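What follows is one structure encoded as structure tokens, with my remarks underneath.
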Amino acid sequence: MYRIFEFLYRKTRNATAYMLYLCIYNFLKIRQLPMVMAQRQPVFVSDETCCPNNGDVYAIVVKYAGFGLETGFLEMLDAMRQTGINAIVVCNGAPDESMLASLRKSAHRILVRENIGRDMGAYRAATLYLYETGLNPHKIIYCNDSVFFLEGKPLLDMFSTLANSTSDVHGTFENHQFNYHFGSYVFSISG
């Protein structure tokens with residue numbers, strides 16, 4: 001009988017903690033919504049082209065500057081470069097000079113913006129901004145720094161598949177939690 005009560009207590013405690021997390025997370029998202037929507041024309045603090053483009057496949061890669069720069073993120077940018085993808089890094093928040101120096105080695109372009117709207121806000125802002133500058137890609141890959149576990153050949157294979165897919169939309173993660181949809185971590189769409 002004790003085990004049943006212990007199990008129910010743990011489930012209730014975990015559910016309460018999860019609900020509290022969702023409330024705080026959604027509060028922060030809702031609080032930023034007016035700022036995101038007010039930016040009909042996206043605002044970037046800086047726009048730096050680091051190297052010439054290599055073909056017509058681009059990636060909008062979101063990086064939250066507050067997390068610093070992990071080795072895996074740089075490996076991801078290198079894998080993109082090796083597979084002919086022009087990585088446009090969108091920094092949410094101001095990166096320090098050492099982070100910018102590291103990004104310049106692998107990125108095609110670096111856009112820096114205020115940290116509002118998280119990854120989806122950065123996807124939106126970069127897409128609208130790049131469209132306005134006349135960028136006309138064959139394919140765009142959207143990627144953020146939230147989750148990444150691949151390295152080496154599997155990482156190269158994933159980006160090669162995304163870049164060369166004949167599908168209009170190609171996702172790497174599927175979600176069936178509420179309704180079927182692709183996860184926003186890594187996906188590609190045709191131009």
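Keep in mind that this is a model prediction, so the values were computed, not measured.
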Contacts of Ser160 that satisfy side-chain hydrogen bond (donor to acceptor under 3.5 Å, both in side chains) - sequence neighbours left out: Asn164

Got a sec, which residues hit side-chain contact (heavy atoms from CB on, under 4.5 Å) with Arg109, two or more places apart in sequence or on another chain? Asp47, Thr49, Ile88, Leu111, Tyr129, Leu130, Thr133

Roughly how far, to the nearest 0.5 Å, is the CD1 atom of Ile140 from the OG1 atom of Thr127? 5.5 Å

Could you tell me which residues satisfy side-chain contact (heavy atoms from CB on, under 4.5 Å) with Ala122, sequence neighbours excluded, listed by chain and number? Val62, Val90, Asn92, Arg113

Between CG of Leu162 and SG of Cys143, what distance do you get to the nearest 0.5 Å? 8.5 Å

Sequence neighbours excluded, the answer for side-chain contact (heavy atoms from CB on, under 4.5 Å) partners of Cys50 is Glu48, Arg104, Ile110

Transitively linked via ILVMFWY side-chain contacts under 4.5 Å: Met80 with Met158? yes

Residue pairs passing the salt bridge (charged side-chain N to carboxylate O under 4.0 Å, His left out) test where at least one lies in residues 81-90, sequence neighbours excluded: Asp78-Arg81

Cluster link Val45 to Val89, ILVMFWY, side chain under 4.5 Å: yes

Determine yes or no for a side-chain-to-main-chain donor-acceptor pair under 3.5 angstrom, with Asp168 supplying the side chain and Ser190 the backbone. no

Validation row: Phe159, Met76 side chains within 4.5 angstrom (heavy atoms): yes

Which is it for Ile189 and Tyr142 under the side chain to side chain contact (heavy atoms under 4.5 Å, CB included) test, yes or no, and what are the steps along the way? CA-CA 8 Å; Ile189 61 171; Tyr142 290 86; 3.8 Å; yes

Please check if atom CG in Asp96 has more than 12 non-hydrogen atoms from other residues, nucleotides or ligands closer than 6.0 Å. yes

Looking only at atom types and distance, does a side-chain atom of Lys63 sit under 3.5 Å from a main-chain N or O of Leu103, one as donor and one as acceptor? no

Hey, any chance Leu156 and Leu74 share a hydrophobic cluster, counting ILVMFWY side chains that come within less than 4.5 Å of each other, even indirectly? no

Enumerate the residue pairs fulfilling ring-ring contact (aromatic ring centres under 6.0 Å, His included) with a member in residues 71-113, sequence neighbours excluded, ordered by first and then second residue. Tyr58-His108

